[in-house]
Amino acid sequence: MLRTHTCGELSLKDLGMEVAICGWITRKREFGPILFLIVSDRYGMTQVVVNDASLVEKAKKFSIEDVVLVKGQVIDRKENRTDKYPTGEIEVDAGSLDVLNSSRPMPYDHNKEASDTVKMKYRYLDIRKSLIRENLIARSKITGLVRCCLEKSGFIEIETPVLNKSTPEGARDFLVPSRIWKGSFYALPQSPQVFKQLLMVAGMDRYYQIVKCFRDEDFRSDRQPEFTQIDIEMSFVEEDDVMNEAENMIKKVFEGMKKDVVLPEKFPRISYDEAMERFGTDAPDTRYGMELIALDDIFKKSSFKAFADAANDSSKTVKGVVVENKAKEFSRNIIKKMEVAVQGDGAKGLAFIKKIDSSLESPLLKFFNEKELAGLSEIIPENGVLFIVADSRPIALRSMGNFRKRMANELKLVDKDVVAPLWVVEFPAFELDEEEDRWIATHHPFTDFDIDGLKDDPAKIRSRAYDMVINGHEVGGGSIRIHDVEKQKKVFSILGISEDEAEEKFGFLLESLQFGAPPHGGIAFGLDRLVMVLLGIDAIRDVIAFPKTTSASCLMSSAPSMVKKEQLEELGIKLTGKKEE
RNA sequence: GCGGUCGUAGUUAAGUUGGUUAUAACGCCGGCCUGUCAAGCCGGAGGCCGCCGGUUCAAGUCCGGUCGACCGCGCCA
């Protein structure tokens with residue numbers, strides 16, 4: 001090693017010691033015959049004082065971010081101590097200074113806000129100089145805890161292929177052309193789903209993998225084209241077994257990362273229907289109240305037509321949210337802005353009723369009879385506001401669910417110190433794709449479900465799936481799988497996948513189910529999102545070392561890029577819609 | 001695929017109803033300075049105003065298109 005210590009560890013206990021430290025010059029302050037350098041690495045920063053005249057001359061030529069090796073004695077800063085950084089009580093009195101490598105001026109100022117564009121282009125500098133470094137260190141600790149916990153529980157990590165077969169359903173695949181089989185393509189895995197099931201047939205019993213997955217869709221602040229899953233599968237299990245194992249793991253990870261946080265002994269469970277009714281989302285954040293209120297009963301006979309229509313039509317609903325202590329504060333203007341936001345979710349309008357000095361106030365008041373007014377008065381507390389959306393069920397639920405979330409953020413109702421995990425269960429197994437008029441699998445087509453007595457209405461079937469939600473983020477999801485070949489074939493037929501297609505795409509899976517496939521199930525966690533939740537970060541980019549932009553390009557390497565004609569010819573590929581160069 | 005915000009020195013921004021040589025701070029280069037803590041002081045260099053086209057006597061500014069970044073909708077079994 002070139003160094004004896006890192007830049008973060010020297011202190012008064014090392015006084016007098018001859019040390020060697022390496023790092024990047026982050027500050028240089030000259031005073032004629034004396035000069036200070038701040039040398040940093042990922043452990044911290046240490047001040048170097050240069051007194052020797054020839055060394056000062058040498059150091060004057062150093063640039064910010066030059067990599068240096070400093071040898072010298074640890075001395076007390078005495079009256080010049082600082083508490084601005086942990087090593088502020090000492091400094092290294094330079095005996096020798098060497099530049100191991102020089103640096104060009106930094107392309108942007110790390111101490112100020114910079115555009116994402118320039119930071120992404122010089123990602124390695126952003127990692128060196130920003131909190132992203134800490135996030136990556138935390139991420140490593142998290143995967144370490146996961147591995148440790150799963151290995152202790154008898155899971156074995158097995159790698160599955162990255163070059164895969166393209167499957168129908170689900171997200172768009174990233175394709176990789178085959179040189180040997182011209183005209184054929186591999187697909188990068190959207191998840192190792194089928195392979196982990198085959199490992200169960202193989203008798204591997206308890207498998208896990210921390211693995212990259214790829215989906216070629218459009219991206220957001222919490223979505224990247226390649227992301228990482230903690231993938232888990234177990235044999236001879238039912239829902240509770242997988243959920244207990246998963247809960248145990250998550251608790252270990254949180255305990256290892258946040259010592260002061262206590263997670264509930266058992267994570268609460270709520271059904272998909274209940275989550276939608278109470279929170280307007282299948283990933284509820286239960287750190288705050290303001291749950292959705294069903295108002296259909298109150299308005300069934302209302303003379304306000306929009307409410308009465310929605311209350312009496314089973315495909316529609318009237319939903320409300322009470323915001324406390326704001327009746328006097330919310331002006332018409334503020335409420336108008338809220339309405340615009342709600343309309344952004346497709347709702348036709350946002351009604352409101354205030355209670356001030358025990359009496360109700362609202363432009364709609366004249367439409368309500370005494371029974372309705374009494375019902376409303378019971379719901380709305382003094383100085384509270386009831387917001388109402390009457391619309392089709394999905395729109396009313398979604399818009400009020402989002403309204404609740406926005407309101408909680410704006411009113412700062414979210415307690416950042418609380419961790420609220422829960423399970424969402426009893427998902428519908430199938431939902432109707434209205435555009436294509438066919439059934440699609442809500443989870444994925446290998447999810448087991450209770451088929452008895454519901455042969456004719458797929459909408460009523462509940463699947464054996466479960467999602468883990470923490471603070472309103474879906475961090476993981478899984479299910480008990482189908483291990484009976486006939487049942488699996490039936491699902492494909494419900495989904496409109498023909499027998500031929502099923503054979504072609506999933507033949508190897510269907511075949512494996514006929515060789516003693518054990519009952520099995522599992523779960524997969526989105527590692528990036530889990531890290532985000534643990535660190536309280538909003539952007540997935542900040543927990544990934546080298547992320548892509550929202551249009552899936554890498555500003556550092558300029559991927560994706562065009563390739564030589566010869567490369568394409570070798571693959572038997574001819575371009576049709578190439579963009580102008 | 002759709003919508004919103006943004007794009008001006010290396011960086012972050014300002015730039016009026018269109019009108020002289022496009023400002024500032026930080027950074028960079030040169031000089032001064034014996035204890036700094038984002039050190040300070042003096043001086044200097046640095047611009048395809050994202051790109052293409054249009055309107056105009058005149059465009060950083062107005063209009064159209066395009067590219068890119070970010071945020072959201074659709075999408076993401």
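Values below: every heavy atom of this structure, side chains too, minus hydrogens, waters and symmetry copies.
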query = Between A:Leu555 and A:Arg215, which is nearer to the 5' end of RNA chain B once each is assigned its nearest nucleotide?
reply = A:Leu555
request  = Using the closest heavy atom to pick a nucleotide of RNA chain B for each, name whichever of A:Lys28 or A:Lys548 lands nearer the 5' end.
outcome  =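 Nearest-nucleotide comparison on RNA chain B picks A:Lys28.
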task = Salt-bridge test for A:Arg223 and A:Asp218: reply yes if a basic N is under 4.0 Å from a carboxylate O, no otherwise.
result = no
key: Pair A:Arg462-A:Asp273, salt bridge (Lys or Arg N to Asp or Glu O under 4.0 Å): steps then yes or no   = CA-CA 10 Å; A:Arg462 301 289 108 166; A:Asp273 287 339; 3.2 Å; yes
inquiry  = In this structure, how many angstroms lie between the C1' atom of B:rC37 and the CG atom of A:Leu35, rounded?
reply    = 14 Å
ask   = A:Arg104 has an atom CZ; how far is it from atom P of B:rG46, in whole Å?
value =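 Interatomic distance, CZ of A:Arg104 to P of B:rG46: 19 Å.
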To the closest 0.5 Å, what do you measure between [atom1] ([X]) and [atom2] ([Y])?
| X | Y | atom1 | atom2 | value |
| --- | --- | --- | --- | --- |
| A:Glu474 | A:Arg529 | CD | CZ | 6.5 Å |
| A:Ile270 | A:Asp282 | CD1 | CG | 9.5 Å |
| A:Leu350 | A:Lys348 | CG | NZ | 13.5 Å |
| A:Met45 | A:Leu37 | CE | CG | 12.0 Å |

inquiry  = Let's test this: given Watson-Crick or G-U wobble pairing with both distances under 3.5 Å, identify the partner of B:rU5.
reply    =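 The base-pairing partner of B:rU5, which may sit in any strand shown, is B:rA69.
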request  = Sort out the partner of B:rG10 for me: Watson-Crick or G-U wobble, both distances under 3.5 Å, none otherwise.
outcome  = B:rC26
Taking N or O atoms only and anything under 3.5 Å, show me the protein contacts with nucleotides 6-12 of chain B, one pair per line.
residue : atom : partner  : partner atom : Å
B:rG10  : O2'  : A:Pro107 : O            : 2.6
B:rU11  : O4'  : A:Pro107 : O            : 3.4
B:rU12  : OP1  : A:Ser115 : N            : 2.6
B:rU12  : OP1  : A:Ser115 : OG           : 3.0

Using a cut-off of under 3.5 Å, enumerate the N/O to N/O pairs linking the protein to nucleotides 30-33 of chain B.
residue : atom : partner : partner atom : Å
B:rC33  : N3   : A:Glu30 : O            : 3.2
B:rC33  : N4   : A:Glu30 : OE1          : 3.3

Cation-pi check, A:Lys487 onto A:Phe449 ring (under 6.0 Å, within 45° of axis) =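 Because its charged atom sits under 6.0 Å from the ring centre and within 45° of the axis, A:Lys487 does stack over A:Phe449.
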Base of B:rC37 paired with side chain of A:Arg81 (donor-acceptor, under 3.5 Å) = no
inquiry  = Looking only at the aromatic ring of each residue, does the gap between the centers of A:Tyr122 and A:Tyr108 stay below 6.0 angstrom?
reply    = no
Which nucleotide in B:rC71, B:rA69, B:rC75 has an atom nearest any side-chain atom of A:Arg220 =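 Side chain of A:Arg220 sits closest to B:rC75.
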task = Tell me which nucleotide among B:rU36, B:rC75, B:rC29 gets nearest to the side chain of A:Ser63.
result = B:rC29
With respect to the phosphate group of [N], does any side-chain polar atom (N or O) of [X] fall under 4.0 Å of OP1 or OP2?
| X | N | answer |
| --- | --- | --- |
| A:Lys119 | B:rA69 | no |
| A:Ser551 | B:rA69 | yes |
| A:Ser221 | B:rG72 | yes |
| A:Thr549 | B:rA69 | yes |
| A:Arg541 | B:rA69 | no |
| A:Arg29 | B:rA38 | no |

task = Check the pair A:Arg541, A:Asp126 against salt bridge (Lys or Arg N to Asp or Glu O under 4.0 Å), reporting the backbone distance first and the verdict last.
result = CA-CA 12 Å; A:Arg541 259 173 262 118; A:Asp126 205 21; over 6 Å; no
ask   = If you look at every strand shown and take non-hydrogen atoms under 4.0 Å, does A:Ile64 touch a base, only sugar-phosphate, or nothing?
value =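 Sugar-phosphate only.
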ask   = When you look at A:Ser40 and A:Thr26, which way does the side chain to side chain donor-acceptor pair (under 3.5 Å) test go after all the steps?
value = CA-CA 6 Å; A:Ser40 306; A:Thr26 51; 3.1 Å; yes
